[in-house]
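Excluded from the calculations below are hydrogen atoms, water molecules and symmetry mates; all remaining heavy atoms, backbone and side chain alike, are included.
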Amino acid sequence: MSELRSRRRFLLGAAGVAGLAFGLPVSAHAAPEVRHRPIRKAPPALAPLPVEPVKTDVLSFGVHAAGPEDGHAIILLHDFFHDIHSFAEVAGLLAADGYRVVVPYLRGHGSTRFKDAATPRSGQLAALGSDVIAIMDAMHIPEAVVGGSGWGARAACAMALLRPTRCVGLVTAGADLYDDPVVADANLWKQFDLQSEAGRNALNAHRRDVARRLWKEGSPQRELDAAAFARSAPSFDNPDFAEVVSHAYCHRRGLAAGDPAYDAAEAKLTTRRPLAAPSIALDGDAS
């Protein structure tokens with residue numbers, strides 16, 4: 001019973017602070033009240049987060065880790081066209097509250113690199129979810145609350161389905177595992193442009209311009225923070241960025257084959273079933 005109470009405090013505390021990261025109130029006892037408030041600008045603390053390499057069988061991940069190593073683990077996953085600095089503020093808040101915070105660069109972003117040049121540059125969900133499990137294995141993390149936004153949210157859900165006993169809670173924003181790829185994404189030009197060779201070539205040549213456009217369209221009521229974008233922009237210089245991102249959208253549409261190494265994991269994800277972990281889904285009306 002004490003273990004159950006401890007887990008509940010863990011999830012509620014983590015979810016509460018994670019809710020603050022997305023600007024939404026989260027109550028431990030009731031659904032959050034819908035409130036309309038002016039959108040806040042990010043503070044000017046824009047120093048890059050320190051990262052350390054975490055090596056798995058397939059990739060060497062660039063990971064920002066904070067907080068005590070014996071603290072309850074929280075893993076935060078960023079969206080495509082974003083990076084670990086999406087969680088720059090909340091990571092510090094959680095670490096200060098005693099949690100072990102792990103924020104990895106997704107494959108194709110930042111300092112994360114494939115170890116073998118022959119490995120397919122897959123962006124499929126089974127690969128992203130498996131990456132989270134591999135990071136947990138490498139860092140000796142038995143279980144964690146996993147949170148994310150956009151593609152990071154979908155990766156978090158994939159991880160929870162692949163290893164339900166290791167996910168003790170989910171906090172997602174802007175996406176879920178089974179959402180419709182057309183209805184869920186207002187940036188429809190991106191969905192179709194990246195399916196063409198011309199679109200993929202344009203992304204490769206103008207990756208920062210594409211990311212800047214998506215940042216603006218993703219938060220239409222907020223002025224683009226040029227300093228924040230400049231801090232994240234080097235993440236898109238990753239040599240595998242365009243290939244991983246374009247494959248993610250093509251695979252989601254059934255226009256590209258997946259990496260055979262993830263066939264078993266992919267089969268688990270194609271069977272619709274409820275997530276076992278306690279979950280909180282955040283969906284902003286201006287993002």
What pairs with Pro234 under side chain to side chain contact (heavy atoms under 4.5 Å, CB included), at least two apart in sequence or on another chain?
Arg208, Asp237
Partner set under side-chain hydrogen bond (donor to acceptor under 3.5 Å, both in side chains) for Asp259, not counting sequence neighbours:
none
Centroid separation Trp151 to His82 less than 6.0 Å
no
On a heavy-atom basis, which atom in Ala95 and which in Gly67 lie closest, and how many Å separate them?
CB-N, 3.6 Å
For Arg212, enumerate each residue passing the side-chain hydrogen bond (donor to acceptor under 3.5 Å, both in side chains) test, keeping only those at least two apart in sequence or located in another chain.
Asp209
Do His72 and Val145 make a side-chain contact, defined as non-hydrogen atoms from C-beta onward lying under 4.5 Å apart?
no
With sequence neighbours left out, the residues meeting ring pair (Phe, Tyr, Trp, His ring centres under 6.0 Å) with His109 are His78, Phe80, Phe241
ring-ring contact (aromatic ring centres under 6.0 Å, His included) pairs, two or more places apart, involving residues 120-149:
none
Result block: side-chain N/O donor-acceptor pairs under 3.5 angstrom for residues 54-65, not counting sequence neighbours:
{"residue": "Thr56", "atom": "OG1", "partner": "Val58", "partner atom": "N", "Å": "3.4"}
{"residue": "Thr56", "atom": "OG1", "partner": "Leu59", "partner atom": "N", "Å": "3.2"}
{"residue": "Thr56", "atom": "OG1", "partner": "Leu59", "partner atom": "O", "Å": "3.0"}
{"residue": "His64", "atom": "ND1", "partner": "Pro50", "partner atom": "O", "Å": "2.8"}

Residue list, salt bridge (charged side-chain N to carboxylate O under 4.0 Å, His left out) with Arg166, at least two apart or on another chain
Asp137
Sort and list the pairs that fulfil salt bridge (charged side-chain N to carboxylate O under 4.0 Å, His left out) and have at least one residue in residues 110-126, not counting sequence neighbours.
Arg121-Asp240
So do Leu77 and Pro104 actually touch side chain to side chain, heavy atoms under 4.5 Å?
yes
In chain order, what residues pass the side-chain hydrogen bond (donor to acceptor under 3.5 Å, both in side chains) check against Asp79, with sequence neighbours excluded?
none
Tell me every residue that passes side-chain hydrogen bond (donor to acceptor under 3.5 Å, both in side chains) with Ser130, counting only those two or more places apart in sequence or in another chain.
none
Would you confirm whether Ser246, through its side chain, and Glu243, through its main-chain N or O, come within 3.5 Å as a donor-acceptor pair?
yes
Checking Ala126 now: which residues fulfil side chain to side chain contact (heavy atoms under 4.5 Å, CB included) with it, not counting sequence neighbours?
Gln124, Tyr262, Ala265, Glu266, Leu269
